[in-house]
Structures are given as structure tokens and as C-alpha cells.
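Labels below follow one simple rule: chain letters A, B, ... track the order of the sequence lines, proteins then strands, and each chain is numbered from 1.
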Protein chains: 2
Amino acid sequence: MARATIHDVARTAQVSLATVDRVLNNRGGVAAKSVKKVHDAVARTGYVKDQFAANLSRGNGYRFVFLLPAGQSAFVRKLIAEIARESDLNRKDRVHIDIRSSKTFDPVSQVASLRQIDPETTDCAAVIVSDVPQVRAELTRLRAAGVRIVSLVADVQAEARDIYVGPNNEVAGRMAGQFMGRLIREPVGPVLVIAGSLAARDHAQRLLGFRQVLQNDFAGLTLLPVVEGFDDAARIADLVARTLDAMSPVGIYAIGAGNAGLVAALRRANSAFRPVTIAHESTDATREGLRDGLIDLVIDQDPGRAVTRAVRLMRDMADKQIVPPARGEIPLSIIIKESLS
Amino acid sequence: MARATIHDVARTAQVSLATVDRVLNNRGGVAAKSVKKVHDAVARTGYVKDQFAANLSRGNGYRFVFLLPAGQSAFVRKLIAEIARESDLNRKDRVHIDIRSSKTFDPVSQVASLRQIDPETTDCAAVIVSDVPQVRAELTRLRAAGVRIVSLVADVQAEARDIYVGPNNEVAGRMAGQFMGRLIREPVGPVLVIAGSLAARDHAQRLLGFRQVLQNDFAGLTLLPVVEGFDDAARIADLVARTLDAMSPVGIYAIGAGNAGLVAALRRANSAFRPVTIAHESTDATREGLRDGLIDLVIDQDPGRAVTRAVRLMRDMADKQIVPPARGEIPLSIIIKESLS
DNA sequence: AAAAAAATGATTGGCGTTCCTCATTTTTAG
DNA sequence: CTAAAAATGAGGAACGCCAATCATTTTTTT
């Protein structure tokens, strides 16, 4: 049996095609009882809109925007590559993706970029932005204008977006804590934590989770004062080198980016003892660290996956499907030396 | 600028629409120089087929078959649920998925099921089957008849399928080995390995990887003779209980399913000492084990992800896109107590 | 009961391909 | 050079839905 069409729905609902159309695309001006008749008929016939025909007819496809932090960070570069890839793969389905950028950690620049997004010509935007009032206001405005908003990688307040696509960062921190405690053969001593910026919501949440586990399960480990490295490799290298000398930490947890500095410092350290080191994101620097035994474990949020998922959900949202929040969660992967191919 | 259509291609190629169509859908009967003209025009205009229009016109959408092992294993149940979910999500895009099953580990039954697949009415099949000659022959026959074949979760010989979607199982085993060595505070003593069946290609590969790492990096750990549990919980429970008493292993690596038995045996064990335990797949049993501290770490191949990926690739293949083999690889995730939400 | 408003029906053209058929032109073979 | 074969052109119908317009019927208001 072929699939049901609006004709079938009209016939079983005993109304005209025009009325079915009015109901399905809620153009209004339909009596309540007719609406019900149509909905019943939809249920009875098992009608599902043929998205191909719909898109073909409407003419326009999917117009998406990705708004990313500017800059050369390995993570962002990877993200861009993945978006380009995804864009190619979806071109045959009329998906058009526009990549834009705003200054990292700069709400003013972010707001400016958001203002550039024209609700008339974009169906959905995936953004990596700061969770601050001005930005939230702008997001809310866009949503009101009909642009669906996806917060990517770093979440914002729930009211300011339609869905969050990314990992659960508190869980990430807890995993880091657990592995830290267990990979240190004798878990007693100071642990160094380097964040990018504690104003970034993802970093703050990782720290929170990490703290929880250390306090509960590994009382022997003490947290040195958390330092902010602002994802700057040189600064981090210096910082790590000095801490290694002064405090002899048994563990290092690098929450943010700039891990080339971390690896460099560890490589130069001339002590026989090497702290258990955990970092985030699979990049050239962290993979090199893993390979050479300088980093023990990397917690990765596969950007390819996040992008694929984001595009998928954007399509579904543009198709007016209901998207449950859980569908945005992407699992974290753990990478160790052995996972490198 | 709107996207190019075949009309644009025809115009810039200076040929008729009919010729463009003949070339693009290679119906033959076109002079070599016209073919070239068309291809050039495609390149020049940046023409990409509008899959919506194509599907609408052709009438039929995507007809896929999943062939799974029968039985009540938690993994298969989850797989089925994920396929159903994916099927729902894709219905609007005219994807129709048929789920069938064959007796587990039974090539004869598998061949029979494969024979049931009608090349006329199916575009692509994703199968979990044994990698044996009869099955391979049947797969090859199907491929020749125009059915694209995806080997799911467990691979088969490359010639017998179009692409493998699943994790790299040797890497999985290596990861297990590395964590085994590092999570045991003092890595000296015997390690118990339980496989489902060493005839299953995925299990054999995991064992291979595990062995490699233990031999190279953790010489203090010795492998007890590998036992086959045939994914049977009762048998495994008995086996584990007896080994715990007799050999006091410092580690247990459960390669296959039936982990309810493993957890039960560990729970009943009344020794103060508990071996470091690593298992595969996130199921009720393994999650319970993690939560209660009986299992230390689970290596998971997210079935949802495998299914999503499989469907995506099946669509791309049905659309006659070139699909690079690497796109089938799905990463492994590591689950510990802390990852449970 | 008449007038106004609301609801519904009927119909049309178009979206970009696919898959036809039939006519015409060009090339090749004899 | 003619006949046959090959290549090309021209055009139309269909796929299922959308977005209109205009006509007609039903309901509500005065």
C-alpha cells in the first residue's frame, strides 16, 4: 500500500483538499469540528507529510547559520572543517549553511554578529556564545522572529535557545575526577587545575564536577588554587613549569584549550616523576601528548558528531517536528594512547 | 542566486534537456563529445541534483532492511528500539525500514534470511551476520543484484559488503588492556577473560588487542586460559564464581554479553578483595554493575549512533553518492560510574 | 428575513526531476 | 550516394504538496 497523501486525508475526512491544507499548514479560518475531522483522518490514514514534495513545492530549502568564535584554535578549526563537510553532504537536500564568526569571549561582538542574522533568510542558527544577558536578549529576539536557536558546545539559559547540542560538562568533570583518582597509583598530594576562563559556562561546569568527585572519593588529593590560562599556550606552559617545580603536583587537569603549552612544559620537565595528566579535546597537541606518554587521558567531545547532530536537529526543527531536549546530548569519549589508530 | 537546475546545465552545455537527462542517468546512446559537454556544464554551473525532486519524481523512496540476530539479548533489543526510532524520524523523508531476524550464530538461518531479501524492492540492507563463505556468497549475490550491503557491528570480508559501520574492535581490546593495567593498583597476578564465542569476529579482535597491550605493557599480569561463555548469564555466573575462588584473579575482562551473570557472581563473592572488572556495552546489567562498584569500566559502542550512521550512509549510497569507508567507523565510548546520569 | 461574516469547495500553476514517446538531424555503413 | 543506424531535440505527464484565487455554501448578526 502506498503512503497516504493529502487527497486520502481529504477523502476520509469528508472535506475538501483546501480545508485539509488550511488545517495542516494552519492558515486559520477553519471551524473547530472540521479541524477535528482532519486530525482524525490524519491519524486514521497514518498520513505523514512528504517532506520532499513539501520542500520542492515551497521552493526554498534549509538555510542555516553557524556562529563560531573566531580564532585559530584547533577545536574551532576542526569544527569549521566538519561544518563544511556536513554542508557538502547535505547539499543535495537543499541545505545551505553559512559560517560566521565573532570574537571569542566577547559578548559585544557576539551581539553584533547575531544582529547580522536576518530572520527572513535563515531558518535556524547554531551558536557558540557567552551566557550573558545582552546575548540572551538577542537570542530571544531572534527566536521571536522565527529563527530556531541551537546552543552548541556551550549552553545558554534554556529560555534563550530551542535546544542545546553538546556534552554534559558536569559529567565530563566528574569523569575527569574519577580517572584522576584512580590513575594515580597513590592518590595523595596536590592537583593542579587549569581552566580557560571560569566565565565560560562549560569550563565552570567541568570544574564543578571534578571538585565533587575529588572531595567525595579521593580526600587525599587536594586542589591547588584554580588558575585561568585563557587558552593561551605560552602562558600555560610557563604556569605549568613553575607549578611543577614549586609544588610537585601528582595530577594535572586541563579544562580548556591551549594544550600545546601544557605538553611542551611536561616534555621539558626533567623530573623522573610525572603527574597524571588529563585534558580535553582531541587535537594535534593532545594526541601528541598521549602518544608520548605526557598526557594520560583525553576527554573528547567529537566535534564532527556535534555538527552532524546539530544539522540533523536543525532540519527536524525546520520541518516543524517536535525535538525532545535529550536528542541534543552527545556522549563524551575517552581517549587514551591505545585509542589512537 | 538560485541553485542550478538541469535546465541551466542544458543551456550552458548547448544541448537539449533530454540529452542532459540521458547523461546524468546514464541511459546510454549519447556521443562522447556530448557527454563531455554535459559534464563540463555540470562543473561550470555547480549543478547538484535536487534529491527532493528526484525522489518525488521517481515515486519510491528509500527501502532498507535490517537483518539482526534473533533473541532477547539486551544489545539486540536496544538496537531494535533504535532502528524503530530512526525509522520514525525518517518517515517524512520516505524512508521505509524493515527489520528481520535470523538465528544467532547460525549461518544457515542467515543465508535463508538473506535469500528473502528481494533486490527489486530493497535498496540497501544492513546486516549482522557471520563472516563465513556461504554467507559471503549470498551477500555478494545481493550486491550484484543491486542491493547495497552494510555490515553492522561485526564486519565481514571487505568484498562482501559496501561498508562496515561499527567500532574498531581491536582498538576496543587495546583500550581494555590499558585500563586493566592502570586501574589495578598493583598490576601483578592472573586476569580472567570471558569471551562469547571466539568464532565471532568482533570478539576475536577484542581479545587480540587486549593480549597485545598486556604482553607489552603489563608483564606482571598473566592471562588465564580464555573461556567461552556463549553469552549465557547462568553459565558465566558459575564460571566467574569458581574462578574467583580458585584463582583470585586481579582483573576480569568480559568480552561479550551475558553480563547479568558476571554481576551476580561478583555481588555474591564474599572476599574483601574485588578484581578490576571491564565489560562491554551499556546495558541494564552493566550499568547496575557500575553503579554498585562491581564493574569498573564499560566500553560502549552506542547502538543508537551505529543505527543513525547506518541509515545515513544507506541514504547516501541509495542516492548514488560515493561513501568513503572511514565514514562507517564509530568511536567507542568509555563509561564509568560517573558517566551515569 | 436580509445582510454580513465565516467557512468551505473547486481549481490552477508551479517546484525540479524522471521517464516516456515521437520527430528530426547527424553520422556511419554499404 | 543512399539506406540504415545513431544521436539529439522537443515536449508532456507524473510525483505530492503549496499557495493562491474565486465561487459557493453555511452560519452569525442585526
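- Remark: C1' of C:dG16 and CZ of B:Arg11 are 14 Å apart, rounded to the nearest angstrom.
- Taking only side-chain nitrogens and oxygens, B:Ser57 never comes nearer than 4.0 Å to OP1 or OP2 of D:dC15.
- Between A:Leu24 atom CG and D:dA19 atom P the separation is 12 Å, expressed in whole Å.
- Checked against C:dG9, C:dT17, D:dC18, the side chain of A:Thr19 finds its nearest nucleotide in C:dG9.
- Rounded to whole Å, atom P of C:dT25 lies 18 Å from atom CD of B:Gln14.
- Comparing D:dA19, D:dC17, D:dT8 by their nearest atom to the side chain of B:Val30 picks out D:dT8.
- Between the side chains of B:Tyr62 and B:Asn90, no donor N or O sits under 3.5 Å from an acceptor N or O.
- Residue B:Ala31 is in sugar-phosphate contact alone, with no base atom involved, counting any heavy-atom pair closer than 4.0 Å across all strands shown.
- Projected onto DNA chain C by closest heavy-atom contact, B:Asp50 and B:Arg27 fall at different nucleotides, the more 5' of which corresponds to B:Asp50.
- For A:Tyr47, the side-chain atoms get nearest to D:dC17 when compared with the rest of C:dT8, D:dC17, D:dA10.
- B:Gln51 has its CD atom 14 Å from the C1' atom of D:dC15, to the nearest Å.
- Residue contacts for A:Ala54: at a heavy-atom cut-off of 4.0 Å it reaches the sugar-phosphate backbone alone, with no base atom in range.
- Inspection of the A:Gln51 and A:Asp319 side chains reveals an N or O donor paired with an N or O acceptor under 3.5 Å.
- Of the charged side-chain nitrogens involved, at least one lies within less than 4.0 Å of a carboxylate oxygen, so that A:Lys36 and A:Asp40 count as a salt-bridged pair.
- For B:Thr5 against C:dG16, a side-chain-to-base donor-acceptor contact under 3.5 Å is absent.
- A close approach under 4.0 Å does not occur between any side-chain nitrogen or oxygen of B:Arg58 and OP1 or OP2 of C:dT17.
- Among the nucleotides C:dG9, D:dC15, D:dG9, the one closest to any side-chain atom of B:Val15 is D:dG9.
- With hydrogens and angles disregarded, a donor-acceptor distance shorter than 3.5 Å links the side chain of A:Asp300 to the backbone of A:Ser282.
- If you take CZ of A:Arg94 and C1' of D:dC17, they are 12 Å apart, rounded to a whole angstrom.
- For B:Asn25, the listed nucleotide lying nearest its side chain is C:dT18; candidates were C:dT17, D:dC17, C:dT18.
- Of all heavy-atom pairs spanning A:Ile128 and A:Pro69, the tightest one is CB-CD, 3.8 Å.
- The side chain of A:Ala18 sits closest to C:dG9 out of C:dT8, C:dG9, D:dC15.
- At a threshold of 4.0 angstrom between heavy atoms, the contacts of A:His7 with the nucleic acid are absent.
- The base of D:dG9 sits with one of its N or O atoms less than 3.5 Å from a complementary donor or acceptor on the side chain of B:Arg22.
- When the side-chain nitrogen and oxygen atoms of A:Lys33 are compared with OP1 and OP2 of C:dA7, none of them lie within a distance under 4.0 Å.
- When the P atom of C:dG13 is taken as reference, atom CG of A:Leu56 falls 17 Å away, rounded to whole Å.
- The B:Asp21 side chain lies nearest to C:dC19 when the options are C:dC19, C:dT17, D:dC17.
- Atom CG in A:Asn55 sits about 11 Å away from atom P in D:dA19, given to the nearest Å.
- Rounded to an integer number of Å, the gap from B:Leu17 CG to C:dT24 P is 20 Å.
- In terms of heavy atoms, B:Arg161 sits closest to B:Val156 at CG-CG2, 3.5 Å.
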